Amino acid sequence: MNANIKDKVVIITGASSGLGEATARHLGAMGAKLVLAARRADRLETLVADIARDGGSAIAVTTDVSRREDMEALAARAVEHFGRIDVLVNNAGTMPLSPLAKVMVEEWDRTIDINIKGVLYGIAAVLPRFAAQGSGHVINVASVAGIKVFAPIGTVYSATKFAVRAISEGLRMEAPDGVRTTIISPGAVASELKLHSSDSDTAAAVQAFYEANEIPADSVARAIAYAIEQPANVDISEIVLRPVAQEF
């Protein structure tokens, strides 16, 4: 069903590495028109050049998802360049893990700003446009940690991903006619998330866990493509994917 992806205008946040980069490369090869967002402009430009070299179409927009004005500007740039938006992949996220007893409040705040507010700001930026055109697709990247609390080191992270799932399900029920929603809930996937923990004890445990379990980022890219490529009247509400070796 590649025809259902070709020429669709897809915004991907957190596109400079990991799941976002893999998704950009995968959808670009399938003919999507890509609007790639992240804070690291140099990486985005390299990715855009790679996609163009392979015959794809992409632009880079430097974006901090925790700033609403950045997300509004991102959506406006997509419409300015490609004329519309068909899909938003709310992928940007952070995962600084630590036990609650460490009281790492600044990291909690940043996690909430990116993982929850960033998703909401993305929805706010595209939803009026989707309502006006009578179509659109919001894909929110959550986590298996949004299904089962990742205690004792990931309680705050889990809270944000539970929130993403709640927001996504609420959006599914409230969405304007023609607008689809999908939750992508991965387990351990190769990305920079495993590097975000500043607490040394936690960081070592996370590294060991990922080394024992992680699967490639393009596993998630294929899941996202599967959700997008369905006929317009089919909504893949949620996809959960884990490494076979992962227990939770």
Side-chain angles (χ1 to χ4, degrees), residues 12-14 17-20 22-23 64-66 88-123 138-173 181-217 219-221 223-224 227 236-248:
I12 304 173
T13 67
S17 65
L19 282 61
T23 300
D64 180 346
V65 300
S66 69
L88 167 66
V89 181
N90 265 324
N91 165 72
T94 188
M95 191 178 73
L97 304 177
S98 63
L100 288 174
K102 299 273 185 165
V103 196
M104 303 185 79
V105 177
E106 290 184 1
E107 290 190 352
W108 300 349
D109 286 342
R110 185 64 177 158
T111 303
I112 290 167
D113 286 346
I114 295 174
N115 292 2
I116 300 178
K117 290 182 180 179
V119 167
L120 288 169
Y121 292 159
I123 292 169
V138 176
I139 299 176
N140 293 329
V141 178
S143 171
V144 295
I147 299 171
K148 180 179 180 181
V149 177
F150 190 21
I153 60 173
T155 299
V156 174
Y157 177 73
S158 280
T160 66
K161 293 304 184 177
F162 270 81
V164 170
R165 295 185 75 244
I167 291 163
S168 303
E169 177 61 5
L171 178 61
R172 183 189 68 79
M173 293 186 286
T181 64
T182 301
I183 308 166
I184 303 290
S185 295
V189 175
S191 76
E192 293 182 0
L193 283 181
K194 63 189 175 186
L195 306 176
H196 290 181
S197 300
S198 62
D199 176 62
S200 58
D201 293 335
T202 300
V206 171
Q207 289 292 323
F209 175 79
Y210 270 77
E211 287 175 7
N213 291 284
E214 70 180 17
I215 53 178
S219 307
V220 177
I224 289 172
I236 301 298
S237 299
E238 183 168 12
I239 298 174
V240 181
L241 63 152
R242 298 176 174 88
V244 173
Q246 184 172 334
E247 294 181 358
F248 78 91

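All values reported here derive from a predicted model rather than from experimental measurement.
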Worksheet entry | Those residues that, when tested against Glu214, pass salt bridge (Lys or Arg N to Asp or Glu O under 4.0 Å) (two or more places apart) | Lys194
Practice prompt. List in chain and number order the residues that pass side-chain hydrogen bond (donor to acceptor under 3.5 Å, both in side chains) with Glu169, two or more places apart in sequence or in another chain; answer none if no residue qualifies.
Written response: Arg172
Worksheet item: Residues in side chain to side chain contact (heavy atoms under 4.5 Å, CB included) with Glu238, at least two apart?
Response: Ile147, Arg165, Ile183, Ser185, Val240
Fill in: Sequence neighbours excluded - salt bridge (Lys or Arg N to Asp or Glu O under 4.0 Å) pairs with any residue from residues 145-155
none
Discussion item. To check you understand the geometry: which heavy-atom pair defines the closest contact between Arg110 and Ser66, and what is its length?
Written reply: NH1-OG, 3.1 Å
Worksheet item: Can you tell me how far CD1 of Ile114 sits from CG of Asp64, rounded to the nearest 0.5 angstrom?
Response: 7.0 Å
Item to complete: Please list, chain by chain and in numerical order, all residues satisfying side-chain hydrogen bond (donor to acceptor under 3.5 Å, both in side chains) with Arg242, sequence neighbours excluded.
Response: none
Worksheet item: side chain to side chain contact (heavy atoms under 4.5 Å, CB included) with Ala151: which residues, sequence neighbours excluded?
Response: Val149, Thr155
Worksheet entry | Ile224 CD1 to Thr23 OG1 distance, which is reported to the nearest 0.5 Å | 3.5 Å
Worksheet item: Who pairs with Ser191 by side-chain hydrogen bond (donor to acceptor under 3.5 Å, both in side chains), at least two apart in sequence or on another chain?
Response: none
Worksheet item: What closest approach, in Å, do Leu19 and Pro186 show between heavy atoms, and which atom pair accounts for it?
Response: CD2-CG, 4.2 Å
Worksheet entry | Exam field: side chain Thr160 to backbone Ile112, donor-acceptor pair closer than 3.5 Å | no
Discussion item. Tell me the closest heavy-atom pair linking Ser158 and Ala145, and the distance in Å.
Written reply: OG-O, 2.8 Å
Fill in: Check: Thr181 and Ser168 side chains under 4.5 Å, non-hydrogen atoms
no
Worksheet item: Taking only residues two or more places apart in sequence or in another chain, which ones pass ring-ring contact (aromatic ring centres under 6.0 Å, His included) with Phe162?
Response: none
Fill in: Value rounded to 0.5 Å, distance of NZ in Lys117 from OG1 in Thr111
12.0 Å
Worksheet item: In terms of ring plane angle, is the pair Phe150 and Phe248 parallel, tilted or perpendicular, where the classes change at 30° and 60°?
Response: parallel
Worksheet entry | Contacts of Ser197 that satisfy side-chain hydrogen bond (donor to acceptor under 3.5 Å, both in side chains) - sequence neighbours left out | none
Fill in: Residues Tyr157, Leu193; criterion side-chain contact (heavy atoms from CB on, under 4.5 Å); working and verdict
CA-CA 11 Å; Tyr157 177 73; Leu193 283 181; 4.1 Å; yes
Enumerate, atom names and distances included, each donor-acceptor pair closer than 3.5 Å involving a side-chain atom of residues 92-102, sequence neighbours excluded.
unit_1 : atom_1 : unit_2 : atom_2 : d
Thr94  : OG1    : His196 : ND1    : 3.1
Lys102 : NZ     : Asp199 : OD1    : 2.9

Worksheet, complete the sentence: Sorted by chain and residue number, the side chain to side chain contact (heavy atoms under 4.5 Å, CB included) partners of Val105 (sequence neighbours excluded) come out as Val103, Trp108, Asp109
Item to complete: List in chain and number order the residues that pass side chain to side chain contact (heavy atoms under 4.5 Å, CB included) with Ile123, two or more places apart in sequence or in another chain; answer none if no residue qualifies.
Response: Asn90, Val119, Leu127, Val138, Asn140, Ile167, Leu171
Worksheet item: Rounded to the nearest 0.5 Å, how far does OG1 of Thr13 lie from CG of Leu88?
Response: 6.5 Å
Discussion item. Please find the pair of heavy atoms, one from Gly14 and one from Asn91, that lie closest to each other, and give the distance.
Written reply: O-ND2, 3.1 Å
Worksheet item: Do any N or O atoms from the side chain of Gln246 and from the backbone of Ala188 form a donor-acceptor pair under 3.5 angstrom?
Response: yes
Discussion item. I need the minimum non-hydrogen distance between Ala227 and Ile239, along with the two atoms involved.
Written reply: CB-CD1, 4.5 Å
Item to complete: Taking all non-hydrogen atoms of both residues into account, name the closest pair between Ala190 and Pro216 and its distance.
Response: CB-CA, 4.4 Å
